[in-house]
Amino acid sequence: MVKSDINKFFENYLEKKGLFEDKKVLQSSYTPNNIPHREKEIKEIASMMAPALREEKPSNLFLYGKTGTGKTLSVLHVKEKLEKVSTSKKVGLKIFYLNCKLKKVADTEYRLIATLARQFGQNVPITGLPTDEIYRIFIESIDKESKNIILILDEIDQLVKKAGDEILYNLTRLNSELKNTQITFVGISNDLRFANDLDPRVKSSLTEEDINFPSYNALQLQDILNERSKKAFREKTIEQGAIEKCAALAAREHGDARRALDLLRVAGELAERENSEKLLIKHIDKAEEKIERDLISDVVSTLPKQSQLVLLSTFNLHDKMNSKIFTGDVYNLYKKLSSDVGLKPLTQRRMSDLIAELDMLGIINARVISKGRYGRTREISMTIPDSEIPDIKEGLTKWLNL
DNA sequence: CGAGATTCATGTGAAGTATACCTTTAGGCTTAA
DNA sequence: AAGCCTAAAGGTATACTTCACATGAATCTCGTA
């Protein structure tokens with residue numbers, strides 16, 4: 001009985017055609033051939049990098065603009081095309097893309113260089129070598145390879161925030177160490193003010209040329225969504241107005257195209273799970289909530305245990321009393337919790353740094369204030385809407401085996 | 001009443017420690033001549 | 001004797017601790033109007 005039910009379910013599942021034709025198209029890793037409303041920027045990038053084909057050194061390039069404005073996409077697009085030409089014409093050119101935000105990959109000077117060296121096929125250890133040594137290995141390996149190297153550093157602001165701008169200084173000076181090769185840097189930043197806070201020497205050399213990526217407006221987002229949904233969904237599976245709704249929602253938040261695409265994809269997934277014939281507008285509303293939740297719980301779940309504990313403490317305090325939360329309170333609760341879990345509590349000094357990190361990740365808001373006579377502390381408030389907190393708390397307690 | 005001193009609770013920087021990992025080196029063992 | 005393996009020595013990066021000093025506005029103090 002049961003067995004045949006299950007068989008039937010699977011058979012039905014197979015027979016029933018899903019809404020998606022090709023879901024990959026909506027994922028952020030996908031690079032479409034056609035990038036609407038970025039023709040100008042792509043052309044600019046291409047003309048900046050073109051000298052590399054003649055084995056001349058292109059200027060360093062700096063791209064900035066809010067998240068989801070197509071910076072990464074445009075660069076990768078140009079990269080692909082450029083690589084194609086250069087390999088067919090046998091030009092000595094290599095292009096590397098590296099996202100500096102990835103933890104344990106490129107968030108310190110050592111790790112950044114080590115990752116780069118690894119991309120050149122060098123087998124370098126994750127720790128133990130002097131940083132100079134890593135530089136030497138890296139320089140050596142690229143110097144014999146090819147004439148031109150273009151290094152794309154995505155989310156470069158994150159790197160500087162964590163590890164200081166000395167790295168960039170070292171990097172820009174790298175060219176003087178190289179005999180046969182030249183490195184061109186392409187920096188990408190979401191933070192518009194980032195370049196201004198840099199050491200002037202670094203700034204001038206890194207931003208020889210810069211391109212601003214403006215935010216998309218709702219109409220442009222619609223174009224993008226239409227373009228992609230044609231490939232992603234089967235015909236006539238989207239309710240009239242659904243795409244417009246996606247575009248409008250995403251446009252409300254500074255025109256983030258990635259968000260718009262996520263919205264559409266998750267809505268499609270939800271619709272499919274509900275066995276709905278079409279992607280309806282209501283699915284998009286649900287998708288918005290889900291994305292928010294998933295995004296946060298994704299970050300939270302990859303946090304180190306200690307940070308999770310700190311976060312849980314702040315959430316608990318936030319629930320218990322709706323007054324302001326201060327560092328000292330968090331630390332006391334954290335200490336109690338950590339002994340419950342059987343984790344050795346960190347010092348308050350360290351926790352202070354952890355709170356600062358959580359703030360940087362945008363999971364909480366922590367602001368240093370002075371309470372005058374009553375000392376100085378961080379005042380912590382929530383960035384997450386109250387309705388989402390119980391869910392995340394549940395996840396936290398699970399991960400922490402509480 | 002108001003300017004300046006005081007105070008508190010913690011921020012923050014620097015230096016030190018523990019841990020995990022790396023390379024080099026020297027000793028001991030095996031092996032082939 | 002040459003070659004190979006192993007373990008110790010000496011080095012680094014990273015996460016964390018310890019120590020000590022810095023902060024900055026509410027509150028206190030005290031001289032002055």
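Note on naming: letters A, B, ... go to the chains in the order of the sequence lines (proteins, then strands), and numbering restarts at 1 for each one. All values reported here derive from a predicted model rather than from experimental measurement.
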Value in whole Å for how far the C1' atom of C:dT12 lies from CZ of A:Arg136: 15 Å
Flag for A:Thr67-A:Asn190: side-chain donor and acceptor within less than 3.5 Å: no
Donor + acceptor pair across side chains of A:Asn34, A:Glu227 (<3.5 Å): yes
Check: A:Ile156 and A:Leu206 side chains under 4.5 Å, non-hydrogen atoms: yes
Geometric cation-pi criterion A:Arg38 and A:Tyr216, 6.0 Å radius, 45° cone: yes
A:Tyr135 OH - C:dA13 P separation (whole Å): 12 Å
Annotated protein contacts, base or backbone, on nucleotides 16-22 of chain C with a non-hydrogen cut-off under 4.0 Å, one of B, S, - each: SSB----
Straight-line distance of A:Tyr331 OH to A:Thr347 OG1, nearest 0.5 Å: 6.0 Å
A:Thr69 side chain to A:Arg258 side chain, donor-acceptor N/O pair below 3.5 angstrom: no
Distance-only polar pair, side chains of A:Glu269 and A:His283, donor-acceptor under 3.5 Å: no
Interatomic distance where NZ belongs to A:Lys305 and C1' belongs to C:dA15 [whole Å]: 17 Å
Closest nucleotide among C:dT14, C:dA26, C:dG24 to the A:Ser370 side chain: C:dG24
Atom pair distance, as rounded to whole Å: OH in A:Tyr110 and C1' in C:dA15: 16 Å
Contact boundaries on DNA chain B for chain A, cut-off under 4.0 Å to non-hydrogen atoms: B:dT7 to B:dT23
Integer-rounded Å distance: C:dT23 P and A:Glu379 CD: 21 Å
Pairing of A:Asp319 and A:Lys393 as salt bridge, 4.0 angstrom limit: yes
DNA chain B: 5'-proximal contact among A:Lys371 and A:Arg378 (nearest heavy atom): A:Lys371
